[in-house]
Number of protein chains: 2
Amino acid sequence: MTLNRRLAAKAARLLPEHKPPGSPGLILEAALKLFAERGYAAASVREIAAASGLKPATIYGHYPSKEHILAELCRVGHEEQNRSVRAAVLNSGADPRDQIVAYVRAHVGMHTSFPMLAVVANAELHVLSAELGAATFSLREQSERLLGEIIQRGLDRGVFHVPNAWLAVAAIGGMGLRVAYWYSPEYRLEPHEVADVYAEYALRILAVKTDPSAGL
Amino acid sequence: MTLNRRLAAKAARLLPEHKPPGSPGLILEAALKLFAERGYAAASVREIAAASGLKPATIYGHYPSKEHILAELCRVGHEEQNRSVRAAVLNSGADPRDQIVAYVRAHVGMHTSFPMLAVVANAELHVLSAELGAATFSLREQSERLLGEIIQRGLDRGVFHVPNAWLAVAAIGGMGLRVAYWYSPEYRLEPHEVADVYAEYALRILAVKTDPSAGL
DNA sequence: GTCTATATGAAGATAGAC
DNA sequence: GTCTATCTTCATATAGAC
């Protein structure tokens with residue numbers, strides 16, 4: 001028996017447009033839960049089949065391999081994450097401060113709304129081959145580049161003050177990513193409340209003007 | 001072939017006092033590298049044996065099971081992390097701002113100095129049984145409680161200004177934890193430089209006084 | 001302490017009937 | 001589309017010689 005859960009969330013959630021009808025959708029959802037809770041390598045095709053109400057062989061009528069199921073989950077996870085931060089930033093106006101708030105709210109919101117998808121898409125991505133991971137890697141790079149560009153624009157305009165844009169990307173992205181591990185719908189704060197606080201943290205990280213003689 | 005690495009670090013590092021002499025130490029170090037790069041479930045005892053220059057059966061002369069090897073790695077990782085943040089805070093004086101700087105520097109420093117150990121101790125902890133994980137869970141809780149107490153003291157003294165102490169613990173802890181995934185000795189910043197920047201970020205998150213009427 | 005050899009089970013995946 | 005049955009490989013772990 002294991003004492004500790006890998007993540008707090010208990011239910012697997014997929015956006016309707018990412019869940020195909022019939023057995024493929026059931027398989028995807030069952031795999032999402034198992035991959036999130038136990039990890040890709042520790043979850044077997046037999047377990048995915050049992051959780052889908054199917055026999056193992058039936059899985060292979062819908063997905064060519066277990067790795068293809070993971071690839072699809074990683075892809076839809078990063079797709080939703082990329083779509084949501086891009087839409088948020090496009091709707092936020094030209095001020096880098098507004099853009100950061102929009103980006104972080106969307107980023108954190110995705111991790112509270114789809115914690116299992118976020119955990120699988122991030123923590124299990126490394127097992128994918130170059131071919132099966134290509135779509136996901138591209139989406140991930142786009143999202144990260146967008147955050148970097150917002151921060152760089154804020155630095156160029158003099159509204160942000162950090163010594164190193166990339167470290168700010170890493171810190172802001174990293175704190176958001178971890179939300180998926182501890183957030184669950186039973187948590188006393190609503191998703192938007194967590195997102196608002198993290199957006200404020202990101203602004204604080206970026207927008208505090210420090211004394212240049214202090215060495216930072 | 002996999003395109004993406006799970007973490008940037010390429011070498012397994014253990015503190016001398018955590019690496020027993022002879023074969024047990026070789027086994028521990030080989031397992032650390034394999035568990036960090038591929039994950040616990042995807043790394044086999046055969047591979048650990050090969051990387052240690054031993055045969056699989058020899059492993060069981062030193063560790064009762066593969067899970068016991070992981071338990072030992074999780075324990076020493078959390079032990080070093082707990083030891084280092086406690087020592088840092090004890091040496092930092094009574095001001096919560098100094099304590100936060102000391103804590104985050106030590107926390108990030110541990111994740112840059114021992115990235116594989118940090119990744120394994122955090123990402124693979126969930127597979128341990130209650131018995132084998134007990135020592136680690138206790139250390140992890142101590143470290144987290146220490147950070148929470150520093151923040152609460154700063155709030156009580158009016159030097160920190162956040163709406164929710166636990167969210168600050170999660171954000172500051174989370175951004176530090178992620179460092180282990182991207183940092184490697186080839187990175188252009190030295191460990192202490194990364195640690196200093198992250199300590200400044202933590203101070204900014206906590207110590208920015210906002211307008212109370214703004215709702216945060 | 002280390003080895004060879006092996007027990008035992010479970011893994012991913014396929015063949016072919018219905 | 002789904003099933004039963006099975007192939008093949010690899011997993012953790014053990015027995016017992018040196």
Side-chain angles (χ1 to χ4, degrees), chain A residues 1-2 6 19-74 120 124-133, chain B residues 1-2 6 19-74 120 124-133:
Chain A
M1 206 259 318
T2 52
R6 193 189 192 195
K19 184 181 174 182
S23 290
L26 294 175
I27 292 165
L28 213 56
E29 216 163 51
L32 173 58
K33 185 162 157 62
L34 284 160
F35 291 170
E37 289 175 345
R38 318 239 274 252
Y40 171 78
S44 72
V45 173
R46 283 168 168 78
E47 291 171 302
I48 296 168
S52 315
L54 298 168
K55 300 295 172 184
T58 310
I59 302 281
Y60 294 91
H62 301 286
Y63 297 93
S65 74
K66 181 179 153 186
E67 192 184 342
H68 282 79
I69 303 177
L70 175 63
E72 178 66 2
L73 289 168
C74 288
V120 170
E124 307 292 347
L125 180 54
H126 67 101
V127 300
L128 292 180
S129 69
E131 296 74 32
L132 285 181
Chain B
M1 206 257 321
T2 52
R6 193 188 192 196
K19 185 181 174 183
S23 292
L26 294 176
I27 292 165
L28 212 57
E29 216 164 50
L32 172 57
K33 186 162 157 58
L34 284 160
F35 291 171
E37 288 175 346
R38 318 238 275 253
Y40 170 78
S44 72
V45 173
R46 283 169 166 78
E47 292 172 301
I48 297 169
S52 315
L54 298 167
K55 300 295 171 184
T58 310
I59 302 282
Y60 294 91
H62 301 286
Y63 296 94
S65 75
K66 181 179 150 185
E67 192 184 342
H68 281 79
I69 303 176
L70 175 63
E72 177 65 2
L73 288 169
C74 289
V120 170
E124 307 292 347
L125 180 53
H126 67 101
V127 291
L128 292 180
S129 69
E131 295 74 32
L132 285 181

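Throughout, a chain's letter reflects where its sequence line sits, starting with A, and its residues are numbered from 1.
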Where A:Ser52 and A:Ile27 come nearest, the two heavy atoms and their spacing: OG-CA, 3.6 Å

Sugar-phosphate, base or nothing in reach of A:Leu54, heavy atoms under 4.0 Å: sugar-phosphate

Considering only distance and modelled atom types, tabulate donor-acceptor pairs under 3.5 Å from the side chains of residues 60-67 of chain A, sequence neighbours left out.
unit_1	atom_1	unit_2	atom_2	d
A:Tyr63	OH	A:Pro24	O	3.1
A:Ser65	OG	A:Glu67	N	3.3
A:Ser65	OG	A:His68	N	3.2
A:Ser65	OG	A:His68	ND1	2.7
A:Lys66	NZ	A:Tyr40	O	2.9
A:Lys66	NZ	A:Ala43	O	2.7
A:Glu67	OE2	A:Ser129	N	3.0

Separation of D:dT14 C1' from B:Lys55 NZ (nearest whole Å): 17 Å

Protein-nucleotide distance (B:His68, atom NE2; D:dT14, atom C1'), rounded to Å: 16 Å

Whole angstrom value for the distance that separates P of D:dA11 from CD1 of B:Ile48: 11 Å

Listed partners of B:Ala41 passing side chain to side chain contact (heavy atoms under 4.5 Å, CB included), at least two apart: A:Ala41, A:Ala42

Partners passing side chain to side chain contact (heavy atoms under 4.5 Å, CB included) against B:Ala36 (at least two apart in sequence or in another chain): B:Leu7, B:Met116, B:Val120

Interatomic distance where OH belongs to B:Tyr63 and P belongs to C:dT2 [whole Å]: 12 Å

Pairs flagged by side chain to side chain donor-acceptor pair (under 3.5 Å) wherever residues 22-34 of chain B is involved - sequence neighbours left out: B:Lys19-B:Glu29, B:Lys33-B:Glu37

C:dG1 OP1/OP2 closer than 4.0 Å to side-chain N/O of B:Ser23: no

Euclidean distance, atom CG of residue B:Leu34 to atom P of D:dA11 [Å, nearest integer]: 12 Å

Set of residues satisfying side-chain hydrogen bond (donor to acceptor under 3.5 Å, both in side chains) with respect to A:Thr58, sequence neighbours excluded: none

Where protein sits on nucleotides 11-18 of chain C, one letter per nucleotide: B base, S sugar-phosphate only, - none, heavy atoms under 4.0 Å: BBBBB---

